[in-house]
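Encoded as structure tokens, the structure appears first; notes follow it.
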Amino acid sequence: IKRDIVFTYYLSRDYSSAITEGKKLIDQPGADEFSFQTLGLAYKAIAEYKECEKLYKKAIKAYPNSGVLHNEFGELYAMQQKLDEAIQYWEKGIEVAPNYSTNYYNAARYYDQKGIKTIWVLLYGETFINIESLSDKTSMMKRILADSYKSLFLSPDKLKTLAKQSTGFAQAVAETLSKQSDAANDGVTAESLTVIRSKFIAEWFSKYATQYPYRLFDHQRQLIMDNSFDAYNEWVFVSATSPDAYTTWAEAHKESNDKFMRLLRNRVFKIPTGQYYAH
């Protein structure tokens, strides 16, 4: 009840009361993540960044595996334009809480805006839209994914450069993707990306899947086996960038599209622990 009262103060913009009662709340034994988050939101609302930083350090000490608290700490730094500090918390949030979606969203946007680590834009962005498949953020991330794939395959040398700059898992991904560049000779479309990504999955599972298990690639492989990969790629790359074209495709491929949409609505995309790769 006390936690809900603090949140109600926050929602009604009575930040002074939210902070006063929130401080009392987090000092009680067993104060949960949401209690820390709510007090942090009140601090952010009045730009009390120093107190908020102290709060989040205390919170993460109490809950070191909290995805939401790592994300909130990252967003606190982002509000102050300290993005290089923010990304450290979003990355840690992905590592310790792999099924909390917002850390993937923020990390993918960070790398996209910085123009670096495009492989991680692809991986984190697509992971995000599978965990959180029906929000407004999902549409934005789909557009980022489409643009990122185009930037890589319209300039194949970028993939080779990324492979040289990367190590371990990311290097294996970049090198395997770069081998499929010929499929984009006639343009980067949902159809050509389906070919590229299908060939990528075939090679990945013949060479790297045991060394680098990755839930997203397992998901793509299952879609290929279920003959739903075409519909999936249309949903990823066309639904947000060209809604009319997507509607036309869905109507022309009603059976396969309906099959995929049933899967999308009924499955829960869960990521096992231990699939985080440092970079």
Is there a chain of hydrophobic side chains (I, L, V, M, F, W, Y, each step under 4.5 Å between heavy atoms) that links Y110 to V68?
no
About how many Å separate CD of E33 and CD1 of I26, when rounded to the nearest 0.5 Å?
14.0 Å
Could you check whether any side-chain N or O of H253 sits under 3.5 Å from a backbone N or O of W249, counting only pairs where one atom can act as donor and the other as acceptor?
yes
Any side-chain donor-acceptor pair under 3.5 Å between Y77 and D84?
no
When you compare the side chains of E91 and H70, does any donor N or O come within less than 3.5 Å of an acceptor on the partner?
no
Run the side-chain hydrogen bond (donor to acceptor under 3.5 Å, both in side chains) check on Y89 and N103 step by step: do they pass?
CA-CA 8 Å; Y89 284 92; N103 285 304; over 6 Å; no
Find the distance between CD1 (I144) and CG (D112) and round it off to the nearest 0.5 Å.
5.0 Å
Close side-chain approach of Y49 to Y43, heavy-atom, < 4.5 Å
no
One pair to check against side-chain contact (heavy atoms from CB on, under 4.5 Å): E234 and E191. What are the steps and the verdict?
CA-CA 8 Å; E234 292 286 335; E191 291 76 15; 3.1 Å; yes
Using modelled atom types and a 3.5 Å cut-off, is there a donor and acceptor pairing between side-chain atoms of R215 and backbone atoms of K270?
yes
Under 4.0 Å between a side-chain nitrogen and a carboxylate oxygen: does that hold for K50 and E53?
no
Checking side-chain polar atoms at under 3.5 Å, does R267 have a donor or acceptor matched by the opposite partner on N130?
yes
If you define the side chain from C-beta out and look only at heavy atoms, does anything of L76 sit under 4.5 Å from Q80?
yes
Identify whether I46 and F73 are in the same connected component of the hydrophobic contact network (ILVMFWY, side-chain heavy atoms under 4.5 Å).
yes
Same cluster or not: Y63 versus W90, using hydrophobic residues (I, L, V, M, F, W, Y) connected whenever any side-chain heavy atoms lie under 4.5 Å apart?
no
Flag, side chain of T20 to backbone of S17, donor-acceptor distance under 3.5 Å:
no
Can you tell me if E132 and S135 form a side-chain donor-acceptor pair at under 3.5 Å?
yes
Reported CD1-to-CG distance for the pair I129 and L134, which is rounded to 0.5 angstrom:
11.0 Å
I'd like to know whether L41 forms a side-chain contact (heavy atoms from CB on, under 4.5 Å) with E72, so could you lay out the CA-CA distance, the side-chain angles of the two residues, the decisive distance to 0.1 Å, and finally the verdict.
CA-CA 8 Å; L41 290 172; E72 292 288 348; 3.9 Å; yes
Answer yes or no: is there a side-chain heavy-atom contact under 4.5 Å between Y208 and F169?
no
Verdict with reasoning, Q222 to D218, per side-chain hydrogen bond (donor to acceptor under 3.5 Å, both in side chains)
CA-CA 6 Å; Q222 187 61 52; D218 293 336; over 6 Å; no
Determine, using ring centers only, whether F205 and F217 are less than 6.0 Å apart.
no
Any chance you could lay out the side-chain contact (heavy atoms from CB on, under 4.5 Å) test for T127 and Y214, step after step, and finish with the verdict?
CA-CA 10 Å; T127 298; Y214 203 62; 4.1 Å; yes
Find out whether S256 and D230 are in side-chain contact, i.e. whether some heavy atom of one side chain is under 4.5 Å from a heavy atom of the other.
no
With no hydrogens and no angle check, is any side-chain donor or acceptor of S192 less than 3.5 Å from a backbone partner on G187?
yes
What about L264 and L216, same hydrophobic cluster or not, with Ile/Leu/Val/Met/Phe/Trp/Tyr joined at side-chain heavy-atom distances under 4.5 Å?
yes
Does either side chain, that of N71 or that of T102, offer a donor lying less than 3.5 Å from an acceptor on the other one?
no
Are L39 and Y9 in one and the same hydrophobic cluster, where Ile, Leu, Val, Met, Phe, Trp and Tyr link if side-chain heavy atoms are under 4.5 Å apart?
no
E126 side chain to Q220 side chain, donor-acceptor N/O pair below 3.5 angstrom:
yes
Check whether S155 reaches the backbone of L152 with its side chain - one donor and one acceptor, N or O, closer than 3.5 Å.
no
Testing the 3.5 Å rule here: is there a donor-acceptor pair between the side chains of R197 and Y149?
yes
Taking NZ in K142 as the centre, count heavy atoms belonging to other residues, nucleotides or ligands within less than 6.0 Å. Is the count above 12?
yes
Counting only heavy atoms from other residues, nucleotides and ligands, does the tally under 6.0 Å from CG of D27 exceed 12?
yes
Quick check: are there more than 12 heavy atoms from other residues, nucleotides or ligands sitting under 6.0 Å from CG of N185?
yes
Above 12 or not: heavy atoms from other molecules or residues under 6.0 Å from CD of Q28?
yes
Check whether any side-chain N or O of T248 sits under 3.5 Å from a backbone N or O of D244 as a donor-acceptor pair, and report yes or no.
yes
Take E48 and Y15, measure what side-chain contact (heavy atoms from CB on, under 4.5 Å) needs, and give me the verdict at the end.
CA-CA 11 Å; E48 190 63 71; Y15 302 126; over 6 Å; no
Is a side-chain N or O of N99 found less than 3.5 angstrom from the main chain of I271, in a donor-acceptor match?
yes
Count the heavy atoms belonging to other residues, nucleotides or ligands that lie under 6.0 Å from NZ of K150, then report whether that count exceeds 12.
no
For E203, is there any backbone N or O sitting under 3.5 Å from a side-chain donor or acceptor partner on S206?
yes
Taking S66 for the side chain and L69 for the main chain, is one N or O donor matched with an acceptor at less than 3.5 Å?
yes
So, do L55 and E51 sit near enough that their side-chain heavy atoms are less than 4.5 Å apart?
no
Check the surroundings of atom NZ in K199: do more than 12 heavy atoms from other residues, nucleotides or ligands lie under 6.0 Å from it?
no
Mind telling me whether Y104 and Y124 have parallel, tilted or perpendicular rings, with 30° and 60° as the class edges?
perpendicular
Does any N or O in the side chain of S242 come within less than 3.5 Å of the main-chain N or O of V238, such that one atom is a donor and the other an acceptor?
no
State, yes or no, whether a side-chain contact exists between Y246 and N257 at a heavy-atom distance under 4.5 Å.
yes
Parallel under 30°, tilted from 30 to 60°, perpendicular over 60°: which one fits the rings of Y105 and F128?
tilted
Any chance you could measure L263, atom CG, to L223, atom CG, to the nearest 0.5 Å?
6.0 Å
With a 4.5 Å cut-off on side-chain heavy atoms, are Q275 and P98 touching?
no
Minimum side-chain heavy-atom gap F200-K179 below 4.5 Å
no
